Amino acid sequence: MKKTITLFINGQRYSHEVEPRLLLVHYLREVVGLTGAHIGCETSTCGACTVLLDGKAVKACTVLAVQADGRFVTTIEGIAANGSLDAVQEAFWNEHALQCGFCTPGMILTAKQLLAREPNPTEEQIRHGLEGNLCRCTGYQHIVNAVQAAASRSGD
Amino acid sequence: MATTTTKSPALLVGQSLRRREDPRLITGTATYVDDVKMPGMHHACILRSPHAAARIRGIRTSRALEMPGVVAVFTGEDVAHLGPVPCGAALPGLRVPAHTVLARDRVYYVGHPVAVVVATDRYLAADALDAIEVDWEPLPAVADPEKALEPGSPAVHPEWPDNIAFTYKQEGGDVDKAFAEADVVVRQRLVNQRLIPVAMETRGVVAEWKPGDRQLTLYTSTQIPHLVRTLVAGMLKMPENRLRVVAPEVGGGFGSKLNVYAEEALMAFVAMKIGKPVKWIESRRENFVATIHGRGHVDYYEVAAKRDGTILGIKLKLIQDIGAYHQLLTPAIPTLSILMMPGLYKCKNVRADLIGVFTNCTPTDAYRGAGRPEATYGIERMVDILAAELQMDPAEIRFKNFVGSGEFPYQTATGLSYDSGDYAAPLRKALETVSYKTLREEQRKAREAGRLIGIGISTYGEICALGPSASLPCGGWESATVKIEPGGQVTVLTGISPHGQGEETTFAQIVADELGVSIDDVVVLHGDTSLVQYGIGTFGSRNTAIGGTALYFALQDLKEKLKKFGAMLLESDDVVWNRGRCVCMKSGKEVTLPEIAAASYRAMKLPENTDPGLVATRFWEPPNFTFPFGAHIVVTEVDSETGAVQILRYVAVDDCGKIINPLLVRGQIHGGVVQALGQVFYEHAVYDENGQLVTGELTDYAVPKASYIPAIESYHTETPSPVNPLGVKGVGEAGTIGCTPAAVNSVVDALSHLGVRHIDMPLTPEKIWKVIQDRRTA
Amino acid sequence: MIPDTFDYSAPVTLTEAIELLSSGAKALAGGQSLIPLMKLRLASPQHLVDLSRIPELSGIREENGVLHIGAMTTHYEIESSMLLRSACPLLPQTAGRIGDVQIRNMGTIGGSIAHADPASDYPAALLALDATVRIAGAGGFRTVSYEDLLVDSFLVALEPGEVIVDIMAPVDPPNTGTCYVKAPQAASGFAIVGVAVRAVKSDGVVSSARVGVTGLAAKPFRARSVEQALGGTRGTDADITRAAALVGDGVDANSDLHASADYRKHLAEVYLRRALRAALI
Amino acid sequence: MIIEGTRSVALEPQRLYTLLQDPDTLARCIPGCESLVKEGDQEYRLKMKLVIASVNGLFDGKVRIADPSPHESFRLIVEGSGRAGFVKGDGVIRLTSDNGAGTNVHYKGEVHVGGTIAAVGQRLLDMTAKMVIKRFFDKVSEEAVAKASGT
């Protein structure tokens with residue numbers, strides 16, 4: 001009753017035999033060893049587990065690993081290329097868009113997708129776009145600033 | 001008063017440096033408890049009571065034990081030898097129920113731990129949990145603290161049928177006289193609803209026992225690793241030096257991790273019992289019932305005043321919902337509210353009667369602000385109610401009653417000594433920022449056009465830098481060790497345990513300035529009891545004011561020693577320390593810090609009465625709290641059709657003393673304000689009459705989302721504290737403390753012309769709509 | 001929070017899926033409602049059939065003035081579809097109000113319809129659009145109106161072994177105004193009430209108006225009395241106010257932690273007024 | 001949670017009262033009832049499977065009839081628990097003639113819910129309770145029609 005799945009995670013191919021009930025977030029964290037996606041709730045509310053599945057932000061705690069079979073996954077560990085930070089990572093750092101850091105990987109990946117879909121978002125678009133990611137520390141202000149900064153940087 | 005020997009423009013204190021903690025956090029490479037992995041690690045799941053009150057007639061674990069991968073199931077009897085979950089606070093006559101690690105014959109709240117399953121895999125542990133059979137006999141429960149005080153109410157603990165956990169009184173001045181002489185008395189019942197802290201990372205523990213070394217290591221998501229070590233060692237009856245507690249990366253606390261929990265001792269017990277490392281990660285559902293809640297006040301206020309607005313006296317009857325047990329500081333939290341009763345005002349006559357009440361609910365304890373937001377909410381709402389009664393402007397009545405800037409140190413009626421302040425300054429700045437007069441005019445016009453615009457003001461004071469040791473059951477000092485390594489780099493070991501506040505950066509800024517080293521050469525370590533000297537931890541906005549001061553003094557000690565070595569190397573008595581080098585005043589020759597460090601460790605020659613090496617440790621006891629203050633103004637618009645509130649503007653002017661890093665201070669303010677806006681508009685831990693928590697997940701308990709809140713405009717005034725040489729006061733709770741009354745005052749102000757005087761939080765659209773309906777039909 | 005064990009199949013043909021579902025398996029669409037329930041162990045299906053790999057269940061196309069939306073089309077695909085934005089803007093507008101962006105990336109219209117959460121967003125729009133649903137089963141295909149598919153809260157008229165294939169809605173004729181507005185519950189985002197309107201005017205007179213209401217009652221419904229009251233009027237503010245006042249008549253409104261029945265009815269009226277104004281004025 | 005409502009059933013009060021006391025009828029009418037076994041005087045053990053959406057709740061509990069006032073009213077006490085949580089309901093059912101061949105059934109009671117369904121299912125409780133009651137009376141009505149036409 002186990003299934004063999006093959007995923008392409010951060011550009012690398014992984015193949016494992018897993019129980020169908022294994023959640024993608026547990027697969028990434030415990031089988032593959034990528035612990036950047038965090039688990040903050042079990043009701044698909046908080047977004048701390050957000051990863052990109054075929055380029056789209058999804059909550060990895062509400063996706064089965066078997067559903068991701070054959071698909072491409074990008075985690076927070078995979079967005080800095082050749083040791084240089086992604087523009088959104090850099091902006092989060094510069095703008096102090098994180099405190100405890102627990103929501104940050106999910107927040108950054110959602111922000112990346114937001115900018116991919118809307119390169120010049122308004123503040124309102126940013127706030128709505130981040131509705132699926134809860135942060136309890138920052139009050140969101142610096143996160144909004146960071147997304148704006150990343151947008152203007154990539155627009156240069 | 002901060003003394004540095006140079007005015008070089010390169011000083012880092014005061015600069016908005018980006019954080020040195022962030023690279024690991026933004027790349028997903030930080031290690032939180034759930035990221036800790038060990039060979040042979042097992043997983044634990046905890047069975048919790050679904051009942052608020054019930055007798056346990058029996059527990060059958062045999063089916064669970066037969067499940068695949070299950071190695072053990074433990075129940076209350078198995079851990080009966082462990083000490084109770086500690087209550088650290090002491091009050092005269094305090095009733096402390098026996099708080100065992102697992103329930104034995106009876107449960108007292110939904111979420112009460114009953115049994116623990118240990119399996120080789122977390123999925124298998126979860127499966128086995130369902131196979132434990134408990135024979136429950138449900139009992140009547142009580143969830144409302146005021147109902148719990150009524151005669152005939154179910155007894156939470158049968159031994160205390162009145163449900164009173166403690167009573168406490170405090171009085172200053174002559175309250176009866178003040179009320180007798182008053183022109184006006186206003187009264188109001190105010191509720192500070194129960195809240196759930198919701199740190200984004202739930203709690204978790206990994207325990208590892210090494211029998212050969214008789215050494216136990218606990219990785220736990222905590223704000224207070226050393227206190228956990230002392231208290232868990234006590235519960236386990238184990239020598240303290242056999243227990244190492246590590247707070248790895250901690251994903252938010254807000255007071256909820258300023259505690260010692262049953263699971264910490266329980267996992268230690270399990271690891272020792274099975275001889276393997278064990279991990280327990282709290283689920284969010286567990287977190288909602290098994291981690292402390294905050295607030296839970298019902299306050300009855302009376303304020304006496306003269307017709308000109310002068311506040312003469314304040315009376316408060318405070319009912320604190322304790323929950324089923326005391327956690328670490330539960331009974332102490334409402335006493336902090338009482339200390340802060342008079343706020344920033346000169347009222348010398350106060351009386352408070354506090355009753356702590358047991359309910360069949362999750363224990364309450366410190367949650368961001370811990371007693372101080374409640375007190376500020378009380379006085380700041382009452383001042384607005386008084387202003388409305390006297391038809392005075394809410395800003396004017398505040399100016400009238402402020403402690404004057406020339407009156408510091410100011411002795412309050414509750415026995416505090418306010419350190420420094422200029423309370424009018426932030427209010428003036430906030431009023432200017434919003435163009436108050438124009439804004440009132442716009443409000444009047446909007447009202448004529450049928451729009452409901454409100455302007456809410458709060459001016460708050462807070463007690464920070466907790467605190468002098470006499471005020472805390474655990475001691476209130478803090479420690480720092482600074483090591484200048486042989487190569488000249490600096491390692492700081494701080495007794496605080498930051499988890500997002502940013503001291504790896506701010507402390508490095510202080511070190512870089514004091515020693516004149518590059519910030520890149522400074523490493524700040526914390527959170528590991530085997531690495532760091534004893535410390536108290538992170539809470540009560542104490543990190544920089546106390547921990548930073550301990551660091552500051554350790555740095556002064558090292559500078560003295562550096563000078564001694566410098567004098568020896570320069571062969572001169574007339575030397576000064578000048579940012580990274582020791583300079584001979586006569587010859588102008590100098591030696592650099594790395595040269596001195598090398599010489600001190602090599603120790604070919606030593607100055608007289610001086611040991612080799614460059615290490616200094618300081619334990620610093622603060623002489624007083626610090627008292628930050630500020631003013632917040634909130635402009636809101638109420639949708640008269642739906643009752644929904646929109647925040648049009650939020651202006652915060654905070655004075656937290658000297659600012660080390662403005663960027664980080666702003667972050668603290670934003671976060672605090674939004675957490676408070678959660679209380680004002682969304683959050684409420686709702687129990688039904690049987691003690692079921694009906695807001696049991698994030699799908700029913702709303703915390704603010706990015707789209708729910710506006711941009712926060714954050715400004716500062718800077719009044720140094722004389723309590724510590726850095727002049728800092730603390731900022732971790734300011735936003736939470738200043739916000740709730742300002743926001744509620746704003747909404748009430750929007751409806752004031754309808755005769756609305758008060759609405760309890762959370763200000764949900766339905767509640768506001770009903771108030772408007774009632775007023776319009778009245 | 002971990003689901004019970006189950007078997008899993010991911011068929012690539014509809015026939016295969018129907019066969020598996022006929023033997024008692026449960027369909028998995030986007031999983032955004034089902035997986036949380038499974039994690040809470042409130043749902044424990046023994047066999048999940050993942051429909052995501054069946055090509056004919058995806059995609060949006062127009063055929064003879066009728067829009068066909070594959071059941072496995074995600075909320076985001078609907079929200080961002082240029083075709084729908086011009087031909088039937090009510091659907092993208094509604095899809096854009098569902099949950100959050102991550103949920104919209106995974107969740108599907110077919111899954112949402114089959115789950116039939118009475119506070120979900122689509123029902124209001126699909127009722128207002130007079131949508132029909134094509135269903136495949138062992139015996140072939142059948143088409144039912146969306147309204148008839150809805151039986152009760154969380155209950156649709158799907159037999160075991162049946163799969164929703166696509167949802168069909170007409171292209172908006174000229175002079176059509178549509179709008180979906182909702183009062184979201186602050187924690188979950190589900191509709192406390194949600195109101196969708198599709199109104200067509202000809203010669204300045206409302207020739208047809210359809211109103212779908214979600215969240216208000218145990219079953220989303222069409223507010224026929226409102227529709228009748230509007231029909232034939234010029235759709236002025238006064239007409240709208242008069243018609244919207246009828247929305248709660250005779251409705252047994254839901255009441256829960258988040259909103260009382262009275263408040264829900266009141267909100268439905270207010271939001272309906274707003275939706276009608278947006279659609280008509 | 002207070003549950004209150006009225007239903008009309010096409011059977012006169014005397015016969016409806018008898019029908020509602022009959023365990024076989026109840027077993028057919030209680031939604032999801034898998035078994036109803038007499039355990040004592042007016043007391044039954046109930047096993048039911050409640051299916052709401054994907055939620056599949058198995059409940060094991062007791063049904064007790066108390067304070068019978070023949071043809072007029074009785075009290076119904078239902079207790080059940082399962083993995084999803086536990087439910088306790090206590091209500092009074094009153095039958096009054098509708099002055100024709102039928103009965104107005106008025107029910108009022110309190111339902112307490114605990115466990116997972118209480119913690120996470122708040123927004124569904126009210127409508128679920130209504131739905132269960134509706135399904136119950138729909139079945140009772142069917143039985144009543146059968147009874148009425150069968151004589």
Side-chain angles (χ1 to χ4, degrees), chain A residues 1-5 18-26 30 39-71 106-107 109-114 116-118 121 125-134, chain C residues 1-12 25-53 58 72 74-77 79-80 96-108 111 184-190:
Chain A
M1 92 153 214
K2 282 198 172 180
K3 300 273 167 191
T4 300
I5 58 170
V18 300
E19 266 194 287
R21 65 169 169 165
L22 183 67
L23 299 168
L24 179 60
V25 70
H26 284 138
E30 288 172 22
I39 302 170
C41 73
E42 49 259 353
T43 49
S44 204
T45 317
C46 83
C49 63
T50 300
V51 299
L52 303 180
L53 181 63
D54 286 346
K56 295 190 192 101
V58 300
K59 292 175 179 173
C61 80
T62 312
V63 176
L64 303 169
V66 288
Q67 285 178 287
D69 183 23
R71 301 187 200 266
M107 196 70 83
L109 288 166
T110 304
K112 265 187 77 67
Q113 184 204 252
L114 191 150
R117 287 177 180 178
E118 177 52 67
Q125 283 174 318
I126 295 170
R127 288 185 178 273
H128 280 286
L130 298 176
E131 270 183 337
N133 295 74
L134 299 180
Chain C
M1 285 287 147
I2 284 146
D4 280 313
T5 53
F6 55 84
D7 282 327
Y8 171 86
S9 312
V12 292
K26 165 100 189 147
L28 172 68
Q32 300 300 288
S33 294
L34 180 58
I35 293 174
L37 286 173
M38 289 169 65
K39 288 165 67 182
L40 293 164
R41 299 201 170 190
L42 288 170
S44 297
Q46 297 192 340
H47 189 167
L48 280 188
V49 178
D50 183 346
L51 304 177
S52 68
R53 291 166 207 269
S58 293
M72 290 297 288
T74 64
H75 310 322
Y76 173 70
E77 286 163 346
E79 178 189 2
S80 60
R97 298 298 313 273
I98 298 171
D100 52 53
V101 66
Q102 292 98 318
I103 287 170
R104 296 197 291 275
N105 280 338
M106 273 307 280
T108 66
Q185 194 245 96
S188 68
F190 276 104

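Every value quoted in this text rests on a predicted model; they were computed, and no experiment measured them. Chain A is the first sequence line, chain B the second, and so forth, proteins listed ahead of strands; every chain is numbered from 1. Note that these values count all heavy atoms, side chains included, but never hydrogens, waters or copies made by symmetry.
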Structural part of [X] lying under 4.5 Å from a heavy atom of chain C:
| X | answer |
| --- | --- |
| T110(A) | side chain |
| L22(A) | neither |
| H128(A) | neither |
| E131(A) | both |
| K3(A) | side chain |
| T62(A) | both |

Taking [Y]'s backbone N and O only, do any of them form a donor-acceptor pair with [X]'s side chain (distance below 3.5 Å, no angle check)?
| X | Y | value |
| --- | --- | --- |
| R21(A) | P3(C) | yes |
| D50(C) | Q67(A) | no |
| N105(C) | A57(A) | yes |

Q46(C) atom CD: more than 12 heavy-atom contacts under 6.0 Å | no
By a 4.5 Å heavy-atom criterion (distance strictly below it), what part of R104(C) contacts chain A: side chain, backbone, both, or neither?
-> neither
Chain A contact via L37(C) - side chain, backbone, both or neither, heavy atoms under 4.5 Å = neither
Of the listed residues (L40(C), D4(C), T74(C), L48(C)), which shares the most heavy-atom pairs with chain A below a 4.5 Å separation?
-> D4(C)
Per-residue tally against chain C (heavy atom, under 4.5 Å) across I39(A), T45(A), L53(A), V63(A) peaks at V63(A)
Identify the two heavy atoms, one from Y8(C) and one from P20(A), that lie closest to each other, and give their separation to 0.1 Å.
-> CB-CB, 3.5 Å
With K39(C) via salt bridge (Lys or Arg N to Asp or Glu O under 4.0 Å) - residues at least two apart = none
Atom pair NZ (K56(A)) and CD (E77(C)), whose distance is rounded to the nearest 0.5 Å = 5.5 Å
